[in-house]
Enquirer: 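Before anything else, here's the structure in question.
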Amino acid sequence: MTTPDLRVSIGSLFLKNPVLTASGTFGYGKEFAPYVNLHYLGGVVVKGISLAPRRGNPPPRIVETASGMLNAIGLENVGLDRFISEKMPYLREIGTRVIVNILGDSLEEYQTLGRRLSEVEGISALEVNISCPNVKKGGVAFGTDPAMAEAVTRAVCAHSTLPVIVKLSPNVSDIAQIARGAEAGGAQAVSLINTLLGMAIDVRSRRPRLANIVGGLSGPAIKPIALRMVWQVAQAVKIPVIGIGGITTTEDALEFLLAGATAIEVGTANFVNPRASQEIVEGLGRYLTDNRLSGISEVIGGLILP
Amino acid sequence: MTTPDLRVSIGSLFLKNPVLTASGTFGYGKEFAPYVNLHYLGGVVVKGISLAPRRGNPPPRIVETASGMLNAIGLENVGLDRFISEKMPYLREIGTRVIVNILGDSLEEYQTLGRRLSEVEGISALEVNISCPNVKKGGVAFGTDPAMAEAVTRAVCAHSTLPVIVKLSPNVSDIAQIARGAEAGGAQAVSLINTLLGMAIDVRSRRPRLANIVGGLSGPAIKPIALRMVWQVAQAVKIPVIGIGGITTTEDALEFLLAGATAIEVGTANFVNPRASQEIVEGLGRYLTDNRLSGISEVIGGLILP
Amino acid sequence: MNKYEEQAEVLRQEQLMPEIFRLTLRAPEIAANARPGQFVMVQTSPGYDPLLRRPLSIHQTIGHDQVQLLYKVVGKGTRLLATMTAGQQLNLTGPLGHGFELAASKAICLVGGGMGIAPLYFLAREILRNTCPPKCVVLLGARTAAELGPLPGNFMDLGVTTHLATDDGSLGHHGFVAELLLQHLDPELKWTVCACGPHPMMKAVAGQCRKQGWECQVSLEATMACGIGACLGCAVPQAELSGPYLHVCKDGPVFKAEEVAWL
Amino acid sequence: MNKYEEQAEVLRQEQLMPEIFRLTLRAPEIAANARPGQFVMVQTSPGYDPLLRRPLSIHQTIGHDQVQLLYKVVGKGTRLLATMTAGQQLNLTGPLGHGFELAASKAICLVGGGMGIAPLYFLAREILRNTCPPKCVVLLGARTAAELGPLPGNFMDLGVTTHLATDDGSLGHHGFVAELLLQHLDPELKWTVCACGPHPMMKAVAGQCRKQGWECQVSLEATMACGIGACLGCAVPQAELSGPYLHVCKDGPVFKAEEVAWL
Ligand SMILES: Cc1cc2nc3c(=O)[nH]c(=O)nc-3n(C[C@H](O)[C@H](O)[C@H](O)COP(=O)(O)OP(=O)(O)OC[C@H]3O[C@@H](n4cnc5c(N)ncnc54)[C@H](O)[C@@H]3O)c2cc1C
Ligand SMILES: Cc1cc2nc3c(=O)[nH]c(=O)nc-3n(C[C@H](O)[C@H](O)[C@H](O)COP(=O)(O)OP(=O)(O)OC[C@H]3O[C@@H](n4cnc5c(N)ncnc54)[C@H](O)[C@@H]3O)c2cc1C
Ligand SMILES: Cc1cc2nc3c(=O)[nH]c(=O)nc-3n(C[C@H](O)[C@H](O)[C@H](O)COP(=O)(O)O)c2cc1C
Ligand SMILES: Cc1cc2nc3c(=O)[nH]c(=O)nc-3n(C[C@H](O)[C@H](O)[C@H](O)COP(=O)(O)O)c2cc1C
Ligand code: FES
Ligand code: FES
């Protein structure tokens, strides 16, 4: 019997399998080395990087909700320079794709990040987080307007030689429209969803449970919404779609692939089961074998409609 | 000790307590009579009524998700005439407010429903479901555009003598803007949230788990999103806000009241615990007593910000 | 019909077969009011996972205050149920829905497939106790003998004629249980057939009965949220295809076969 | 430092006080590598409710393969944990974080408040086994005697001087445990104080130590998602307020008191 073929390509980016880890949930890879053989993964998406280091929000930053969690980390990160000098040496050696998630508060910042990271060895692609507020446009998030999504995509693509994945925010009326904006701007792929804006209150103290008041909802709770959006976007754009949102098991991953995702990212599940990402790679292989399928491409977009 | 004062008013609509039941989760009241003393409730919102009877979607219509459920009932209902002749006689006798949820696929249908129901004895208010597609506008939901939300609100208000509550869809970029549309159209209150659009796939059959492909997500999973939206809307409008979404316990209800809701609706929780609505009424009373508060108005909007 | 919400006490959990369990509960209100073919909604977890109650037929009532369930572990909810042990509490609502209706039938045949056998035991006991018709035959089917376990013996112990069929021939007739109808039912009699099991089995039974002019009642399944007619989730198409949907929890789970669309 | 994910077997569940339990697990990898002050992340449910693992300090290791946890039931996760019985499986990750560091201190004082006592027992045993300093004093506090239960006895059985304080005076000193520092520690000695407990208690202890010029290590708590430095959820402000946040799971849970902002 031949080993199942899990390879996929996201534009010009080839992955040995469609399982990535979601930004902000897998640190810089190293944190999970005790639990996961990193080179088994399709790739690692690192915590979002900005030009300058960011302190993030004051604590408490995390609260659990029904089958999910809210986070208000506030995009804490070590900044571009320390990322390159401190984190990249390790990441270059992990034996799989390294995708760098970037964030900024202006087009210029995104441009600079794209340009600078293109010069760094060992990076396979950029994932552009457009859920951030555009400071120059009164703080409206780039990701809530198709034109702004297109502009930020174009800015990164023009200044970078790396494949660009645009990561979409779900807090919109019509995510397919935003995806088309990213496609028009030159994205090689879109990934979705980022977290849904949520809130929790401690009724004893009468205070928000997060110092930031609101935070991003993730985990199994949001999977149905994420899956619906991935399905809608996969129909709306020609570029590959990467599915994210509550993926915890092989079955979850298969749902997203069937809905049209070419790859998936495992997020919050890494906290619950640190071996989740590797187990999903193994599970997908077993699924192909059990169903006598020659490759994962026979699954992608394979949803049968009534 | 005096009994705690749970009374609230939603515009001109007085409720003995802020606990309502959410449309579509409590039938026409009678179904829950074996479990709940209906007259203990602040009010009952009945299943959405359209002018003509509707068959709804083919089965399967329901699928469970992590801490939630998807439904694609498709607004099955007996239609206005049978509602008035078959359901109202019972509802008139339950000893609490009856709020009729209405839906249509054109402004005219909403108008007619508003006019006809204003002539029926025993109805205290209308709740206008604007998550429905506007057939004349290419099927875009009334609730995704502030101008359309305003128009449908105005249409109902102009033809009805009852207080009008507009029920908002959460599948939008900026729900506060839609709420302002409803306010401008003359709504006495807004209620939110309706269900979030979601999807689930059976990986064995490769088919959607709902015949309708997509459905509405409800239950504890969506509570953080609902609470955030209620908080945003409460700050954006002057009219009262009714909080809905995953409310299962007294604590959940208190979170929404603290965030600024004047009343709440219990939905999916009725399926899990058919006595949930009554238990929340009792729990709120106990909370006031335990905290030596004289009335629920001391809770509403009482969130303390950092 | 009265419905109750009861905090039931687990009295006994028996593992009949690797995946099939029999749970005996003290639930006096439900036991006192239950009719064969009715079901309960069981809260399988105190938390939100799983969230919804699970519908299970009443396998039998014992004495005035006990309810017995027979169930197969197929997913999260039933797996949790199987971990319950004597002394623990389980929240039930019921009895729900409309059961079988046997006026004064002279010849009754019960046809059960897989877990569809669950409600038929209650029905068989009631028939023998009340109407005690001149003819009563039970036909049970499963994929393989191991899936039937002690169930055929339970029916035989009631003293009722019982015939078996397995898809793999490991017990009784080698084939489908519906095929036993023609083998064992005297076509001269006016049978009332009560069937519960997988959809294709019931479709075959309903088809046979129509041909023979026999009355046929079927117990249907559907995914349920409320179990009491409030959510409208459990729709099934009726024979008159353009008419409104039937709702299994309220209009059923037992229907006259001719009311239902056999798609 | 090595970290493991282990399917641990429950060996013993003891209810020490109405809300306080001691759980003994077989978890050989974690037991072999654990240091006092480190913690494990415990998966309290096989499903999604609760979703996240719960951090619990290692109360002690026993032999080469056992880990003991001491915990109070405060919510969903710990309530589920308390239902676990011998023979069941529990998934742990650990040992996590940095523990206490005691180079060659001559005089060591452990200060525990409430469940903060949990890691100190492990620490006390290690101190007695390894460094065995000339002076070692344990100060334990709680709201009331009933909250301490058998814990003071456990420390006394190790042969270490133990002083107690309760907020209500029901046992030992009537007042806060931090007040015992001045009563019982010879100010002439260079004490190393290791504290774990509620934030106000540790703040008071840290303040005393600073005044006396004593070294002070504190074990902090924060809501955690990952426990391994990946999510950045467990931030606490550092002494240099404008500097980056510390992360309890990775930089701690044990910190030098002077690193931390005592707001
Ligand atoms: C009126 C009624 C009476 C019933 N009586 C009994 C009974 O007496 N004994 C019994 O064992 N079962 C009975 N069932 C079926 C039972 O309700 C389901 O098996 C149960 O809800 C599954 O729950 P779960 O959480 O274990 O599985 P889930 O996690 O919900 O589902 C696991 C898998 O099983 C499938 N599944 C879900 N429901 C069913 C179903 N109804 N039949 C087959 N596969 C299903 C799902 O699609 C999924 O793939 C009855 C159902 C109805 C509607
Ligand atoms: C490094 C570390 C080590 C710990 N060691 C121990 C230990 O050895 N023994 C022990 O009993 N506990 C310990 N804790 C605290 C323990 O993690 C929490 O009590 C536990 O996670 C609560 O889970 P739950 O699901 O029962 O409560 P939840 O349902 O999560 O919360 C219930 C209520 O308790 C409150 N709560 C949550 N976490 C805490 C907390 N840390 N302290 C006080 N209240 C809280 C919540 O705000 C909520 O109101 C430790 C925490 C950390 C960070
Ligand atoms: C703690 C935490 C931190 C995150 N940080 C980032 C980030 O820096 N950049 C980003 O694009 N997404 C970030 N995300 C979003 C995730 O990458 C992912 O899109 C989201 O959590 C949904 O997937 P999940 O449900 O599988 O977690 C973060 C999520 C969590 C839970
Ligand atoms: C089965 C079901 C049917 C529903 N039908 C309606 C309806 O007819 N009209 C309406 O406005 N909302 C309807 N809803 C939405 C609920 O009223 C409520 O807004 C939503 O479920 C969120 O609340 P919950 O999480 O408490 O259930 C329905 C929800 C469910 C689960
Ligand atoms: S299950 Fe709700 S109507 Fe039948
Ligand atoms: S808990 Fe995730 S970084 Fe500390």
Side-chain angles (χ1 to χ4, degrees), chain B residues 21-36 46-48 53-79 82 209-211 215 218-221 223 246 248-249 267-276 278, chain C residues 1-7 29-30 33 41-55 74-77 91-97 199 220-238 240-250 260-261 263:
Chain B
T21 57
S23 178
T25 68
F26 209 70
Y28 299 103
K30 193 172 186 173
E31 293 83 349
F32 281 82
Y35 307 110
V36 170
V46 300
K47 174 68 187 167
R54 293 201 185 199
R55 293 186 73 221
N57 291 323
R61 291 179 170 186
I62 277 182
V63 55
E64 185 168 320
T65 65
S67 295
M69 61 178 276
L70 288 166
N71 88 77
I73 306 300
L75 300 171
E76 171 179 348
N77 76 91
V78 296
R82 281 183 56 202
R209 284 190 184 269
L210 297 171
S218 65
K223 196 189 76 175
T248 309
T249 65
T268 300
N270 294 309
F271 307 151
V272 180
N273 170 14
R275 295 173 40 75
Q278 184 177 332
Chain C
M1 257 170 307
N2 291 325
K3 302 188 180 84
Y4 302 89
E5 186 234 359
E6 278 193 294
Q7 199 65 21
E29 305 269 30
I30 294 173
N33 289 277
M41 294 287 279
V42 184
Q43 196 174 350
T44 60
S45 150
Y48 296 153
D49 180 30
L51 182 67
L52 299 174
R53 290 167 182 260
R54 298 299 192 249
V74 300
K76 272 187 184 181
N91 194 284
L92 303 185
T93 48
L96 303 174
H199 197 85
L220 301 187
E221 284 195 5
T223 318
M224 293 187 176
C226 73
I228 55 175
C231 74
L232 308 181
C234 59
V236 291
Q238 59 159 296
E240 178 55 66
L241 277 174
S242 62
Y245 286 100
L246 301 169
H247 296 95
V248 172
C249 73
K250 186 183 56 164
V260 178
L263 305 173

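Each chain gets a letter, A, B and so on, in the order its sequence line appears, and its residues count up from 1.
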Enquirer: By a 4.5 Å heavy-atom criterion (distance strictly below it), what part of B/Pro53 contacts chain C: side chain, backbone, both, or neither?
Expert: neither
Enquirer: Please name the pair of heavy atoms, one in B/Pro59 and one in B/Ala211, separated by the smallest distance, quoted to 0.1 Å.
Expert: O-CB, 3.4 Å
Enquirer: As an exercise: rank C/Thr223, C/Thr93, C/Leu232, C/Asp49 by heavy-atom pairs under 4.5 Å with chain B and give me the winner.
Expert: C/Leu232
Enquirer: Starting from the C-alpha separation in whole Å, work towards a yes-or-no answer on salt bridge (Lys or Arg N to Asp or Glu O under 4.0 Å) for B/Glu64 and C/Arg54.
Expert: CA-CA 11 Å; B/Glu64 185 168 320; C/Arg54 298 299 192 249; 2.7 Å; yes
Enquirer: Have a look at C/Asn91 and tell me which of C/Glu6, C/Met41, C/Gln43 forms a side-chain contact (heavy atoms from CB on, under 4.5 Å) with it.
Expert: C/Gln43
Enquirer: Please determine, among C/His247, C/Met224, C/Lys76, C/Lys250, the option with the most heavy-atom pairs under 4.5 Å with chain B.
Expert: C/His247
Enquirer: Please report the C-alpha distance between B/Glu76 and B/Arg61 in whole Å, then the side-chain angles of each, then the deciding distance to 0.1 Å, and finally whether the salt bridge (Lys or Arg N to Asp or Glu O under 4.0 Å) criterion is met.
Expert: CA-CA 11 Å; B/Glu76 171 179 348; B/Arg61 291 179 170 186; 2.5 Å; yes
Enquirer: Under 3.5 Å, is there a donor-acceptor pair between the side chain of C/Arg53 and the main chain of B/Val272?
Expert: yes
Enquirer: Where does B/Tyr35 contact chain C at under 4.5 Å (heavy atoms): side chain, backbone, both or neither?
Expert: side chain
Enquirer: Which atom names give the shortest non-hydrogen contact between C/Ala225 and B/Phe271, and what distance separates them?
Expert: O-CB, 3.5 Å
Enquirer: Side chain, backbone, both or neither: which part of B/Arg275 has an atom under 4.5 Å from a heavy atom of chain C?
Expert: side chain
Enquirer: For each of B/Asn273, B/Asn270, B/Thr25, B/Thr248, tally heavy-atom pairs with chain C at distances under 4.5 Å, and name the one with the top tally.
Expert: B/Thr248
Enquirer: Taking every heavy-atom pair that is under 4.5 Å apart, which of B/Phe26, B/Phe32, B/Tyr28 has the most such pairs with chain C?
Expert: B/Phe32
Enquirer: What part of B/Asn77 gets closer than 4.5 Å to chain C, counting heavy atoms only: side chain, backbone, both or neither?
Expert: neither
Enquirer: Out of B/Pro58, B/Gly24, B/Gly56, which one racks up the most heavy-atom pairs below 4.5 Å with chain C?
Expert: B/Pro58
Enquirer: Minimum heavy-atom separation for B/Ala72 to B/Gly215, with atom names?
Expert: CB-CA, 4.3 Å
Enquirer: Given a strict heavy-atom distance threshold of 4.5 Å, which part of C/Glu5 is in contact with chain B: side chain, backbone, both, or neither?
Expert: both
Enquirer: With a 4.5 angstrom heavy-atom cut-off, is it the side chain or the backbone of C/Ala235 that approaches chain B, or both, or neither?
Expert: both
Enquirer: Go through B/Ala269, B/Ser67, B/Gly68 and name the one with the most non-hydrogen pairs under 4.5 angstrom from chain C.
Expert: B/Ser67
Enquirer: Sort B/Thr65 into side chain, backbone, both or neither according to what part of it lies under 4.5 angstrom from a heavy atom of chain C.
Expert: neither
